[in-house]
Amino acid sequence: MLDLLLSPWMWVVFFLVHAVVVVILTVLLKGRFREDQQAVVVWVSMVSCFMPIVGELFGFLAWFLAKRFTSERIFEDYDEYVSYEVLNLEPVRHEAKRSVDLLPLSESLTLGTFANRKNSILQYIPEGVNHQGKYLRMGLLNEDHETVHYSATLMNALIDQYERELALAKEQAQSRDLESLKQLHQTYARYIHSDILTSIVRKQKEQMWLSFLLSIVLLYPEEPWIYEGLGDCSKRLGDLEEAAGYYRQLMEQSPTYPKGYTKLISVYYEMGNWSGIKQTIALSQETLDLIDLSEDDRFVLHVLGGNVT
């Protein structure tokens with residue numbers, strides 16, 4: 001009998017039979033426990049498969065002690081914690097890092113590291129900053145060849161993009177409806193104000209823009225944006241008298257449109273027409289309500305009107 005108990009095959013058979021019995025009992029009995037207790041039952045059975053008898057005793061002892069001395073208060077605390085609306089600081093961290101890395105474009109393209117120059121050229125300039133061409137020309141004048149390459153590539157890409165937008169806007173404007181004409185006007189304005197064109201090409205585009213506006217002013221004589229555009233084109237082409245005339249027409253057609261006053265004041269300033277500035281300011285005080293104006297227009301008319309407080 002002792003030889004049988006010491007036989008290794010006897011112990012192998014015992015382990016196998018014990019494991020099978022434990023698995024069967026686990027499958028049969030697991031459903032009788034609550035859902036939150038079933039995981040503990042499975043854990044005890046797994047331990048028992050590798051540690052017969054001892055596993056059962058250890059498992060049931062741990063179960064008894066857990067029910068006797070532990071509390072579910074920790075889970076209640078956790079449920080209460082996760083119900084809080086915790087501020088997600090991750091986006092703030094990324095935004096802060098982006099702000100630290102971002103230098104003013106002029107400094108980034110002249111004094112910054114190559115990484116900052118590349119980031120400025122590829123990320124910030126295409127996003128529509130004012131006077132894109134001015135910053136790209138800074139990149140073209142840089143001593144670093146890669147910066148020059150990125151600047152030239154983006155310059156060409158932007159020109160191609162604006163040309164495609166202009167061609168599409170011209171095609172749509174053939175219908176002569178007001179919305180498509182206004183879209184073509186805005187496309188001309190964005191293209192020219194981007195400063196990515198050479199002086200010769202820019203002047204050609206400005207003349208095309210002016211000709212377009214002259215061709216539609218009789219179709220829609222009450223649209224303020226047409227007179228404003230005519231004034232802007234004339235001013236860019238150096239004809240200040242013509243620009244002042246269009247801005248005066250804008251004031252007559254739309255007396256509550258503030259840009260007519262502020263742009264006429266700007267032209268009069270370049271012409272040295274101080275009496276004209278005084279008359280325009282007086283007229284704006286009679287016609288406009290400063291509260292309804294944009295911050296820039298309010299500042300100009302407020303200060304030039306003598307209200308410096």
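Just so you know, these numbers come straight off a predicted model, no measurement behind them.
Between Glu252 and Arg248 there is no salt bridge, since no side-chain nitrogen of the basic residue lies less than 4.0 Å from a carboxylate oxygen of the acidic one. Taking a cutoff of 4.0 Å between a charged side-chain nitrogen and a carboxylate oxygen, Arg190 and Glu165 qualify as a salt bridge.
Residue pairs satisfying the ring-ring contact (aromatic ring centres under 6.0 Å, His included) criterion with at least one member in residues 244-281, sequence neighbours excluded, are listed as follows: Tyr269-Trp274.
Taken to the nearest 0.5 Å, the OH atom of Tyr191 stands 10.5 Å off from the CD atom of Gln161. Going from atom CE of Met208 over to atom CD of Glu206 covers 11.5 Å, rounded to the nearest 0.5 Å. Distance check, rounded to the nearest 0.5 Å: NZ of Lys203 to OG1 of Thr198 gives 12.5 Å. Taken from CG in Leu283 to CG in Leu288, the straight-line distance is 8.0 Å, to the nearest 0.5 Å. Here the straight-line distance linking atom CG of Leu210 with atom OG of Ser215 works out to 10.0 Å at 0.5 Å rounding.
Linking ILVMFWY side-chain heavy atoms closer than 4.5 Å, directly or via other members, places Ile196 and Ile200 in two distinct hydrophobic clusters. Hydrophobic clustering (ILVMFWY, side-chain heavy atoms < 4.5 Å, transitive): Leu168 and Leu158 are in distinct clusters. Cluster annotation: Leu237 and Val201 are assigned to the same hydrophobic cluster (Ile/Leu/Val/Met/Phe/Trp/Tyr, side-chain heavy-atom contacts under 4.5 Å, transitive). Note: the hydrophobic cluster containing Tyr188 also contains Leu214 (ILVMFWY, side chain heavy atoms under 4.5 Å, direct or indirect links).
When all heavy atoms of Val267 and Ala244 are compared, the pair lying nearest together is CG1-CB, 3.9 Å. Nearest heavy atoms, Ala173 versus Leu181: O-CD2, 3.8 Å. Between Glu241 and Met271, the shortest heavy-atom contact is OE2-CE, 3.1 Å.
For Asn273 and Ser275, the side-chain atoms include at least one donor-acceptor pair closer than 3.5 Å.
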Fill in: Test log, rule side chain to side chain contact (heavy atoms under 4.5 Å, CB included), inputs Thr187 and Tyr162
CA-CA 8 Å; Thr187 303; Tyr162 280 121; 5.7 Å; no
Practice prompt. Begin with the C-alpha distance, continue with both residues' side-chain angles, and end with the deciding distance and a verdict on side chain to side chain contact (heavy atoms under 4.5 Å, CB included) for Tyr227 and Leu213.
Written response: CA-CA 8 Å; Tyr227 295 99; Leu213 292 172; over 6 Å; no
Worksheet item: For Lys263 and Asp232, what are the C-alpha separation, side-chain angles and deciding distance, and is it a salt bridge (charged side-chain N to carboxylate O under 4.0 Å, His left out)?
Response: CA-CA 9 Å; Lys263 292 193 173 185; Asp232 293 346; 3.0 Å; yes
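Among Leu178, Ile226, Leu184, the single residue meeting the side-chain contact (heavy atoms from CB on, under 4.5 Å) criterion with Ile216 is Ile226.
At a threshold of 4.5 Å between non-hydrogen side-chain atoms, the residues Phe212 and Lys170 do not count as touching. Side chains of Ile281 and Gln279 form no contact here, defined as non-hydrogen atoms less than 4.5 Å apart. Put simply, the side chain of Arg202 reaches to within 4.5 Å of the side chain of Arg236, judged on heavy atoms. Taking 4.5 Å as the limit, every side-chain heavy atom of Ser199 sits out of range of all side-chain heavy atoms of Gln204.
Between His185 and Trp225, the ring planes lie tilted relative to each other; the angle falls in the 30° to 60° range.
Gln249 pairs by the side chain to side chain donor-acceptor pair (under 3.5 Å) definition with nothing, not counting sequence neighbours. Under the rule for a side chain to side chain donor-acceptor pair (under 3.5 Å), Glu171 has no partner lying at least two apart in sequence or in another chain. The side chain to side chain donor-acceptor pair (under 3.5 Å) test applied to Lys259 returns Asp297, not counting sequence neighbours. Looking at residues two or more places apart in sequence or on another chain, you find a side chain to side chain donor-acceptor pair (under 3.5 Å) between Lys235 and Ser266, Glu270. Every residue meeting the side-chain contact (heavy atoms from CB on, under 4.5 Å) condition with Asp177, not counting sequence neighbours, appears here in chain and number order: Ser175, Glu179, Ser180.
Ser254 places no side-chain N or O within donor-acceptor distance of the main-chain N or O of Met251, the cut-off being under 3.5 Å.
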